Amino acid sequence: MRREGGYTLTEMLVVIGIISLIAAVLTPAILGQMSRARAKAAQLQLETLATAVENFRSDVGRYPTQQEGLQVLVQPPSGVEGWVGPYSKTKALKDPWGQPVLYVPTSDGRSFEVESLGADGKPGGTGADHDLKAPEQ
């Protein structure tokens, strides 16, 4: 009798086991790299939005108010002269985790903060959950 070529069940289980071990080793490294990439993208986005706020101030003569928020970077506010935007190409002002980017002007109106609450969307946190802020302009 001639035996037909093919793989036995044992050989298939060994191959599946090896592939599973490789996946188990590589998955955490890949996920860690993805979270670091999102954090870097968020930091760049915050810096870009902070620059856009500075451009708005340069044209209008003041920073956006808390009520106006970052939306004035993409839509002209009513009753404001000097607006020549849009100052941001991004219409949806959200961080890479889908959370809104926060704009917090100081009470005296002389500076501001642009920040993201990280992957968890809550203040504080460590790792991918840590808060990000644009550096002072």
Side-chain angles (χ1 to χ4, degrees):
M1 266 208 221
R2 210 171 124 200
R3 185 175 168 200
E4 289 188 34
Y7 298 106
T8 66
L9 179 61
T10 306
E11 291 170 329
M12 292 299 288
L13 290 174
V14 168
V15 169
I16 290 172
I18 291 170
I19 291 171
S20 298
L21 285 172
I22 291 170
V25 169
L26 293 180
T27 299
I30 291 170
L31 292 177
Q33 184 64 27
M34 286 176 53
S35 68
R36 285 189 297 277
R38 279 190 175 170
K40 286 181 183 179
Q43 188 64 46
L44 288 172
Q45 180 182 15
L46 295 176
E47 292 171 11
T48 302
L49 287 173
T51 301
V53 170
E54 288 292 341
N55 290 338
F56 175 88
R57 184 194 62 78
S58 177
D59 290 343
V60 175
R62 64 171 176 81
Y63 289 116
T65 64
Q66 181 72 43
Q67 293 77 24
E68 291 171 332
L70 294 174
Q71 213 46 45
V72 297
L73 301 177
V74 293
Q75 295 177 348
S78 60
V80 174
E81 292 184 28
W83 192 91
V84 293
Y87 299 94
S88 174
K89 291 181 182 180
T90 306
K91 300 283 186 216
L93 301 168
K94 296 187 179 211
D95 64 18
W97 300 281
Q99 303 294 328
V101 174
L102 304 177
Y103 170 74
V104 183
T106 58
S107 59
D108 63 3
R110 293 186 177 179
S111 70
F112 64 93
E113 287 185 350
V114 178
E115 58 187 284
S116 166
L117 297 179
D120 64 353
K122 299 175 185 171
T126 59
D129 295 336
H130 79 283
D131 299 348
L132 301 167
K133 293 183 182 185
E136 295 288 327
Q137 295 287 313

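The model shown is predicted, which means the values in this text are computed figures rather than measured ones. Throughout, residue positions are numbered sequentially from 1 according to the sequence presented. Scope of the values below: all heavy atoms of this structure, side chains included, with no hydrogens, waters or symmetry mates.
- No chain of hydrophobic side-chain contacts below 4.5 Å, direct or via other Ile, Leu, Val, Met, Phe, Trp or Tyr residues, connects Leu49 to Leu44.
- Val101 approaches Asp95 most closely through the heavy-atom pair CG2-N, 3.8 Å.
- Within the structure, salt bridge (Lys or Arg N to Asp or Glu O under 4.0 Å) contacts touching residues 65-87 (residues at least two apart or in different chains) are Arg62-Glu68.
- Of the possible polar contacts, none joining the Ser88 side chain to the Val74 backbone as a donor-acceptor pair under 3.5 Å is found.
- Tested against Tyr87, the residues Thr48, Val72, Asp59 include a single side-chain contact (heavy atoms from CB on, under 4.5 Å) partner, Asp59.
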In residues 19-30, what donor-acceptor pairs under 3.5 Å come from side-chain atoms, sequence neighbours left out?
unit_1, atom_1, unit_2, atom_2, d
Ser20, OG, Ile16, O, 2.9
Thr27, OG1, Ala23, O, 2.6

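- With hydrophobic clusters built from ILVMFWY side chains whose heavy atoms lie under 4.5 angstrom apart, Leu132 shares a cluster with Tyr103.
- Separating the CD atom in Gln43 from the CD atom in Glu47 is a distance of 5.0 Å, to the nearest 0.5 Å.
- Looking only at side-chain heavy atoms (C-beta outward), Pro105 and Thr65 stay at 4.5 Å or farther from each other.
- Of the possible polar contacts, one joining the Gln45 side chain to the Lys94 backbone as a donor-acceptor pair under 3.5 Å is found.
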Let me see the working for Val14 and Ile18 under side-chain contact (heavy atoms from CB on, under 4.5 Å), right down to the final yes or no. CA-CA 6 Å; Val14 168; Ile18 291 170; 4.0 Å; yes

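- Connection of Val53 to Val104 is not established within any shared hydrophobic cluster, with ILVMFWY side chains joined at heavy-atom distances below 4.5 Å, either directly or through further cluster members.
- Here the shortest heavy-atom pairing between Pro64 and Gly69 reads CB-O, 3.6 Å.
- Taking every heavy atom of both residues into account, Tyr63 and Phe56 meet most closely at C-CE2, 3.9 Å.
- Using a 4.5 Å heavy-atom threshold, the side chains of Pro76 and Trp83 count as touching.
- A donor-acceptor pair under 3.5 Å is absent between the side-chain atoms of Trp97 and the main chain of Ser116, judged by distance alone.
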